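Nothing here was measured: the structure is a model prediction, and the numbers come from that model. For this chain, numbers begin at 1 and follow the sequence in order.
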Amino acid sequence: MKHYLTFSLLLIISLSTSQSITAQPIVEPNLKWGHPTQQELEMSNYTPDPDADAVVLCKTTDVQYIITKDVLQVVYDVKGRIKILKPEGIKHGNVDIRFTVNDGAEGNRDVVSHVKGTTFNVVNGQVERSELTSEMINTQRAIDPKQRVMTLLFPDVKAGSVIEYEYTITSDLYREIKDWEAQCAMPVAYTRYEVSIPEWFGFYVQTIGNEYNRSKITQQRTNKRPTYIIETSGAEYECLGVNFEFEGRNLTALKKEPLIFSPQVYAQRVIIDIDTELLPRHTKHKYSMTWDEIDQYLLKHNNFGKLLSNNPLKKEMKKSGIYNLKNDDERIMVTIKLLRQHVEWNGKYELYGNPASQVLKNGTGSNADINFMLIAMLNDAGINAYPAVLCARGSDIIDENHPTMKNLSSTIAVIDRGDKLQVFDGSMENATIDILPTNFLVSQARVIKKDNSKPWINLEDKAIERISHKITGEIDSRGKLTATCISTHYDKAAEWIRTFAKIGYDNVAHNKKFQPSQIVDYKVQGIEDIEKPVTEIINLSSQLYCKDGIINLPQLIMPLIDQEWFKSDKRYSPIEFPNKVDETIEISLSIPDGWEVADIPAPISLNTSDKTIVMAITPSIKGNTVNVSSQLSINRLVFNKSDYKGIKNLVDRITKQSKEPFVIKKK
């Protein structure tokens with residue numbers, strides 16, 4: 001049988017290019033479970049990552065197929081050992097096991113068994129063992145209703161502890177091999193993944209995660225050839241297995257950093273997908289699909305394509321006069337408003353929808369429920385609309401060259417206006433069309449319709465944060481600044497303000513711009529009308545430096561960009577801005593009579609080499625008025641981690657320059 005590999009059968013991926021911290025070679029791992037070594041028990045720090053509060057000393061995952069009474073299952077045997085280095089690392093004494101339940105029926109689920117765990121501590125020179133008991137094992141629902149999380153709560157965990165665990169997952173889902181994630185929130189000294197697949201299956205192997213490139217993964221096809229035997233129709237058939245082994249050493253911890261949805265997306269992972277199945281005396285089945293086949297599958301699905309032709313509010317649309325409206329823009333907005341009167345978002349993002357009658361009866365639905373209903377209503381009103389599927393940011397990334405439904409997580413509505421495509425999502429209750437959630441701003445989403453010649457759509461521009469600040473005021477002879485800031489928010493910025501205001505968080509939007517002590521009064525206008533901008537009116541009062549006839553006025557009295565995003569000198573993951581930004585600040589402040597500007601700070605204009613980030617400050621004076629114009633433009637969402645130092649340098653320079661003062665002195 002043919003096996004599809006995305007790389008050669010013996011491949012070493014060397015991902016060790018960063019020189020800032022060198023991952024030191026480790027000694028051979030201790031694979032004698034239940035017996036941590038003296039070195040492991042006495043270990044107080046991890047040389048490759050001195051800041052680590054815990055480290056995975058060793059973790060192995062062995063995967064093989066078993067055949068019992070002609071039933072195929074996949075068995076995952078997992079063993080792990082963790083060293084707690086610091087008190088902050090005690091949280092790693094809780095180990096999560098994720099497994100699939102689906103509807104819970106036999107033949108369609110995972111079963112977790114043989115769970116064991118031990119905490120090892122050295123007390124008065126003696127090794128004490130604390131065993132994991134059934135009372136220390138909790139199981140809860142995951143965000144995905146088909147998933148559960150079993151948490152092992154290890155006893156007596158403290159700095160210096162070594163914990164060991166092992167468990168087995170027996171899965172009925174033999175056509176799906178779980179992804180192997182080599183990295184986690186702790187550095188990993190050693191990890192191994194061994195998988196054996198019967199030759200009855202065609203498959204392909206993919207390794208991803210080259211952003212954390214300070215580690216080394218090796219992979220090889222081994223000479224181990226297990227034999228699989230299946231009995232069918234009274235006869236026995238056997239085949240050999242194909243065995244792969246992956247090893248990782250000194251893998252970097254996945255760090256929590258600003259401007260990243262999920263570092264796990266960029267982690268070292270191995271994905272094995274079953275492509276075909278040819279069991280003895282059975283017809284060959286092909287499981288992988290092309291994108292066109294995925295389109296057709298979804299269009300025929302009862303909870304997808306079958307929902308597109310059922311307009312649940314036809315009578316209400318006729319009564320409201322939607323069919324008689326001549327202007328397409330008006331027809332679209334009136335339809336959206338009508339739908340929102342009948343259905344509210346329930347806080348869930350889904351790929352599939354439910355029958356419209358059920359959603360209307362409940363009065364709430366997922367974003368997909370609302371989007372399917374809108375598509376049906378718009379098509380009925382003469383507006384071409386289609387569903388588009390995507391993988392949300394922080395979940396995974398769609399690979400156009402690797403068709404799969406596994407990564408698809410949600411559905412939005414696409415409105416075809418002839419010369420352009422507009423988008424809508426039912427979760428955006430405080431915005432109009434072409435404003436999406438930040439986690440939906442992906443470079444590739446797939447429009448699902450018949451005979452689609454241009455199926456891919458870029459959504460990165462569908463939530464630009466546009467803000468215009470105008471600050472006017474005066475400075476008195478004692479250096480007291482009194483001003484009014486009028487901030488006009490458009491598009492995504494307006495949606496943010498509406499969302500925060502409706503849940504009672506006044507001032508949230510500008511708290512990062514001004515200190516609470518500076519704010520005298522705050523008002524907001526335009527909250528209710530989602531088709532108009534939102535305006536904040538903020539009255540300010542602040543004491544400037546004033547001494548010996550000198551007043552220092554920083555040229556920007558509000559930050560241009562959040563410096564906290566780039567506070568760290570190191571970066572481990574790519575930079576993912578929430579959305580694109582177009583922000584301007586115009587300042588005009590009068591100085592007191594009898595005073596003059598003695599020194600004006602220099603203008604500054606900075607940008608990345610591709611000009612996707614532009615920052616500028618231009619100060620000037622006119623008569624007794626100090627003026628400043630500034631601009632921030634971010635026109636790209638994702639930057640490689642190698643770009644971090646350059647962007648940080650720009651931010652540091654613009655922040656420093658923004659604090660350079662106008663020097664105002666008494667004549």
Side-chain angles (χ1 to χ4, degrees), residues 14-26 44-56 85-89 91-92 183-189 209-216 249-268 393-394 512-513 554 556 558-578 581 604-617 630 632-660:
S14 181
L15 301 170
S16 183
T17 60
S18 174
Q19 302 299 318
S20 57
I21 298 178
T22 303
Q24 302 294 329
I26 65 170
S44 60
N45 64 79
Y46 180 58
T47 303
D49 188 351
D51 296 329
D53 55 22
V55 57
V56 176
L85 298 170
K86 301 176 183 178
E88 296 81 4
K91 60 182 179 290
H92 298 295
Q183 289 178 281
C184 64
M186 296 170 279
V188 178
N210 59 4
E211 283 294 339
Y212 277 81
N213 49 5
R214 291 212 324 268
S215 52
K216 183 179 180 181
R249 297 174 182 264
N250 301 314
L251 305 183
T252 310
L254 302 179
K255 306 287 186 179
K256 289 185 178 180
E257 300 179 288
L259 299 178
I260 184 73
F261 281 80
S262 172
Q264 196 67 46
V265 171
Y266 302 97
Q268 299 276 351
R393 299 167 76 182
K512 290 185 177 181
K513 297 294 186 182
L556 278 188
M558 62 189 299
L560 188 62
I561 190 170
D562 191 346
Q563 192 180 20
E564 291 296 313
W565 289 345
F566 301 95
K567 189 174 182 179
S568 176
D569 291 330
K570 303 172 185 176
R571 184 75 186 186
Y572 297 90
S573 54
I575 304 157
E576 295 181 332
F577 286 102
V581 176
I604 185 172
S605 180
L606 303 171
N607 56 262
T608 54
S609 58
D610 59 0
K611 295 186 179 180
T612 51
I613 297 180
V614 176
M615 295 178 285
I617 305 174
S630 65
L632 170 64
S633 175
I634 302 175
N635 199 36
R636 177 177 161 190
L637 292 184
V638 183
F639 291 82
N640 295 328
K641 73 171 189 175
S642 58
D643 297 320
Y644 177 77
K645 287 186 178 180
I647 298 174
K648 173 179 168 55
N649 180 54
L650 297 185
V651 173
D652 289 346
R653 289 174 61 190
I654 205 76
T655 301
K656 180 180 178 181
Q657 186 65 19
S658 70
K659 297 175 182 177
E660 290 294 316

Minimum heavy-atom separation for [X] to [Y], with atom names?
X    : Y    : result
H92  : A185 : CE1-CB, 4.3 Å
P263 : I260 : N-CG1, 3.8 Å
A253 : P187 : CB-N, 3.3 Å
I654 : L606 : N-CD1, 4.0 Å
P48  : N250 : CG-OD1, 4.2 Å
L85  : S44  : CD2-C, 3.7 Å

Residue list, side chain to side chain contact (heavy atoms under 4.5 Å, CB included) with [X], at least two apart or on another chain:
X    : result
D652 : Q563, K648
K567 : E564
S605 : A616
P578 : L259, T438

Counting N and O atoms only, with roles assigned by atom type, does the side chain of [X] sit under 3.5 Å from a partner on the main chain of [Y], one being a donor and the other an acceptor?
X    : Y    : answer
R571 : P574 : yes
Q183 : V188 : no
Q657 : I604 : no
T608 : I613 : yes

Practice item. Check the surroundings of atom NZ in K659: do more than 12 heavy atoms from other residues, nucleotides or ligands lie under 6.0 Å from it? Key: no
Review point. How are the rings of W565 and F577 set relative to one another: parallel (under 30°), tilted (30 to 60°) or perpendicular (over 60°)?
Key: perpendicular
Revision key, fill the gap. To the nearest 0.5 Å, atom CD of Q264 lies from atom SG of C184 at 8.0 Å
Check your understanding: Roughly how far, to the nearest 0.5 Å, is NZ of K256 from OG of S262?
Key -> 10.5 Å
Point to revise | K91: salt bridge (Lys or Arg N to Asp or Glu O under 4.0 Å) partners, not counting sequence neighbours | key: D53
Practice item. Mind checking salt bridge (Lys or Arg N to Asp or Glu O under 4.0 Å) for R636 and listing every partner two or more places apart, or none if nothing turns up? Key: D610, D643
Point to revise | SB check D51 K255 (cutoff 4.0 Å) | key: no
Check your understanding: Can you name the ring-ring contact (aromatic ring centres under 6.0 Å, His included) partners of F261, sequence neighbours left out?
Key -> none
Exercise for review: For the residue pair M186 and V55, establish whether any side-chain heavy-atom pair is separated by less than 4.5 Å.
Suggested key: no
Study note, to complete from the structure: Residues at least two apart in sequence or cross-chain that pass side-chain hydrogen bond (donor to acceptor under 3.5 Å, both in side chains) with E660, listed by chain then number, are none
Check your understanding: Which of these passes ring pair (Phe, Tyr, Trp, His ring centres under 6.0 Å) with Y644: F566, F639, Y572?
Key -> F566
